[in-house]
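Contents: one structure, followed by commentary.
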Amino acid sequence: MLQVNEIRERFDHACEGLKKRNLKNPESLLHQVLELDDQRKQIQLERDGLQAESNALARQIGQLMKAGEKEAAEKTKERTAAIKSQVKILEEDYITTEKSLTQLLYTIPNVPHHTVPAGKTAEDNEEILQNGELPDLEPDYKLPHWDLIKKYDIVDFELGVKITGAGFPVYKGKGAKLQRALINFFLDEAEKAGYDEVQPPVLINEESGYATGQLPDKEGQMYLATEDGLYLIPTAEVPITNMYRNDMLSEADLPKKNVGYTPCFRREAGNWGAHVRGLNRLHQFDKVEIVQITHPDHSYQTLEAMSLHVQGLLQKLELPYRVLRLCGGDMGFTAALTYDMEVFSAAQERWLEVSSVSNFETYQSNRLKLRFKNENKKTVLAHTLNGSALALPRIVAALLENNQSKKGIKMPEVLIPYLGFEWIS
RNA sequence: AGAGGAGUGGCAGAGUGGUCGAUUGCGGCGGUCUUGAAAACCGUUGUACCGCGAGGUACCGGGGGUUCGAAUCCCUCCUCCUCUGCCA
């Protein structure tokens, strides 16, 4: 969530930014925030003053008791009773005011970076580069991946339906090996780039969900194990970033770089329709995620580096891709700047999003209470960033479609050591 | 899952109703000494919020309660350890 002090100090900047997200009247929203915060301070001032008085009286009573002056002590007790009931009222006020403030802040998305274009939908995203030639498939070998997986029997949706339901495919044979190869390839590449590998839990508690911003925004999109109140992760971003919740790092610890492979679970309620056939959208899928915790001065440099890392993966996989800078309307609630990487899927003739790399600045760290001591020993919120590197299913879709021919499907060179085969045929 | 024990500052570990935000040791930081280091000695060393400041308030696993006053008593939840049971 946004920092109240930031809103106070850079009110116009915040308003302008939020307008790029198509918020109707950010001024009144942010004014409400400041008013609530002023109220909060006012109440604290009163409450603390009374509490101080009460504490002083309590000490007096103690001394009177010791001195054996019971009557004077009893008299003083009467005075504290009145103060106590007042403090209680003020305390309740304080809590409700603070709660409303937090609730309000939860409804306000992150302020976009100045380079974020205004816009409403994906149409308004800005393409910043495109790389690689779009394959020109022969008409006889231009099958969409959902036909290819049947042809070569490498992914079985019906079997998944039997076991679980729609959107939970079973990968078989070379299909399963391809999954494993991609995961290992992505992890190895991240490790070469200096990321420390972790394997986090795939269930998270409510607190973690709030800290990275999935709650209270996306509860409907996460699977919930009601018996224990735990959510299945929609992305490894949640558990990995939450490793640093409530941490006080030192400047020398930064940057923190982690990579983790996890399955991801998304209910995708209301998201089904055209264009979601086959591997394009699933309830369970595999993803390797990179996360960085950085000094605020370096986070945008880091974002570029992460973007280049992801692009490097796509280049090595020989997939044509483009990079988009998301517009205010299309960007996630918590991000300040997001790059989407899309690969071209040659049979579908569509661009498929395979990665999203974002800088959250202090939006997450404010909730996480993820701070560090800077060189002047001042406590500062760190910046958090994350990106997919990469999500598997659409990569698989593009690899299958783009590399098909009479002989079968040719695997990219970099994967062959991981796969132990060159062709799916 | 059952029985028992325990959760205190970066770590270790005192404190069982009244100047306790908390003794002490280690670690960290600053200094004295030294060519430099070690040792020794001296000082310092939690977080958040409020206040121009002096300073105040809160926090001893989380939440609630008793009391004029709670780290200390009560309730509840969580976590860890030991034993028993079960199990990939």
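Keep in mind that what you see is a predicted model, and the values were worked out from it rather than measured. Below, read A as the first sequence line, B as the second, and so on, with proteins coming before strands; counting in each chain starts at 1.
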If only side-chain N and O atoms of A:K377 are considered, is one of them under 4.0 Å from the OP1 or OP2 phosphate oxygen of B:G30?
-> no
Between B:G27 and B:G21, how far is it from one P atom to the other, in whole Å?
-> 28 Å
Secondary-structure stems for RNA chain B, with pairs counted as Watson-Crick or G-U when both distances are under 3.5 Å and runs at least 3 long = B:1-7 with B:78-84, B:10-12 with B:24-26, B:27-32 with B:40-45, B:46-50 with B:55-59, B:61-65 with B:73-77
Point-to-point distance, once rounded to the nearest 0.5 Å, from CG of A:L105 to CG of A:L30 = 9.0 Å
Rounded to the nearest Å, what distance is computed from the CD atom of residue A:E98 to the P atom of nucleotide B:U57?
-> 18 Å
With respect to A:S299, which candidate in A:N359, A:T362, A:T294, A:T384 satisfies the side-chain hydrogen bond (donor to acceptor under 3.5 Å, both in side chains) definition?
-> A:N359
Can you tell me how far P in B:U67 sits from the matching atom in B:U16, rounded to whole Å?
-> 23 Å
Between NZ of A:K373 and P of B:G10 the distance, given in whole Å, is 11 Å
CA sep, side-chain torsions, deciding dist, call: A:E413, A:K410, salt bridge (Lys or Arg N to Asp or Glu O under 4.0 Å) = CA-CA 9 Å; A:E413 288 298 320; A:K410 187 164 190 313; 3.6 Å; yes
When rounded to the nearest 0.5 angstrom, what is the spacing between CG in A:L178 and CD1 in A:I424?
-> 5.5 Å
Residues A:Y321 and A:Q315: side-chain donor-acceptor under 3.5 angstrom | yes
Nearest to the side chain of A:K77, which nucleotide is it out of B:C68, B:C50, B:A48?
-> B:C68
C1' spacing across the pair B:U66 / B:C75, given as an integer number of angstrom | 10 Å
Let me see the working for A:K77 and A:I61 under side-chain contact (heavy atoms from CB on, under 4.5 Å), right down to the final yes or no.
-> CA-CA 7 Å; A:K77 274 192 198 179; A:I61 292 169; 3.8 Å; yes
Taking the same atom, C1', in B:C60 and in B:C87, what whole-Å distance lies between them?
-> 38 Å
Please state how far atom CD in A:E53 lies from atom P in B:U57, giving the value in whole angstrom units.
-> 11 Å
Closest of B:U47, B:G56, B:C50 to the A:A52 side chain is B:G56
Under 4.0 angstrom between A:N55 side-chain N/O and B:U57 OP1 or OP2 | yes
Sticking with atom P, work out how far B:U72 lies from B:U8, rounded to a whole angstrom.
-> 14 Å
Nearest-angstrom distance, P atom, B:C20 to B:C78 = 35 Å
Give one of base, sugar-phosphate or nothing for A:Q51, where a contact means two heavy atoms less than 4.0 Å apart.
-> sugar-phosphate
Honestly, is A:K174 close enough over A:F421, meaning NZ or CZ under 6.0 Å from the six-membered ring centre and within 45° of the axis?
-> yes
Could you tell me whether A:R79 contacts a base, only the sugar-phosphate backbone, or nothing, with contacts defined as non-hydrogen atoms closer than 4.0 Å?
-> nothing
A:N22 (side chain) donor-acceptor with A:G119 (main chain) under 3.5 angstrom = yes
Rounded to the nearest Å, what distance is computed from the CD1 atom of residue A:I43 to the C1' atom of nucleotide B:G51?
-> 16 Å
Tell me what A:T379 touches on the nucleic acid: a base, only sugar-phosphate, or nothing, going by heavy atoms under 4.0 Å.
-> sugar-phosphate
Is the phosphate of B:C49, meaning OP1 or OP2, less than 4.0 Å from a side-chain N or O of A:R47?
-> no
Side chains of A:T235 and A:K287: is there a donor and an acceptor less than 3.5 Å apart?
-> yes
A:Q86 CD to B:C68 C1', straight-line distance once rounded to whole Å = 16 Å
What is the distance from NZ of A:K378 to P of B:G46, rounded to the nearest Å?
-> 18 Å
Can you list the steps and then say if A:F372 with A:D253 is a side-chain contact (heavy atoms from CB on, under 4.5 Å)?
-> CA-CA 9 Å; A:F372 70 96; A:D253 295 331; over 6 Å; no
Please state the C1' separation for the pair B:C33 and B:C42 - nearest whole angstrom.
-> 12 Å
Comparing A:A81 with A:K88, nearest RNA chain B nucleotide closer to 5' gives the residue A:K88
Length of the line joining A:N246:CG and B:G9:P, which is rounded to integer Å | 14 Å
Compare the minimum distances between each of B:C68, B:C49, B:C50 and the side chain of A:L45, then state the nucleotide with the smallest one.
-> B:C50
Round to the nearest Å and state the distance from A:K70 atom NZ to B:G69 atom P.
-> 18 Å
Interatomic distance at C1', B:U45 relative to B:C83, whole Å | 42 Å
Sidechain N-carboxylate O distance under 4.0 Å for A:K192, A:E189 = yes
A:R40 side chain N/O closer than 4.0 Å to the phosphate oxygens (OP1, OP2) of B:C49?
-> no
Distance-only donor-acceptor check, side chains A:Q292 and A:Y195, under 3.5 Å | yes
Between protein and nucleic acid, restricted to nucleotides 17-20 of chain B and to nitrogen or oxygen atoms under 3.5 Å apart, what atom pairs and distances do you find?
residue	atom	partner	partner atom	Å
B:G18	N2	A:A58	O	2.8

Considering just the side-chain nitrogens and oxygens of A:K84, establish if one lies under 4.0 Å of OP1 or OP2 belonging to B:U67.
-> no
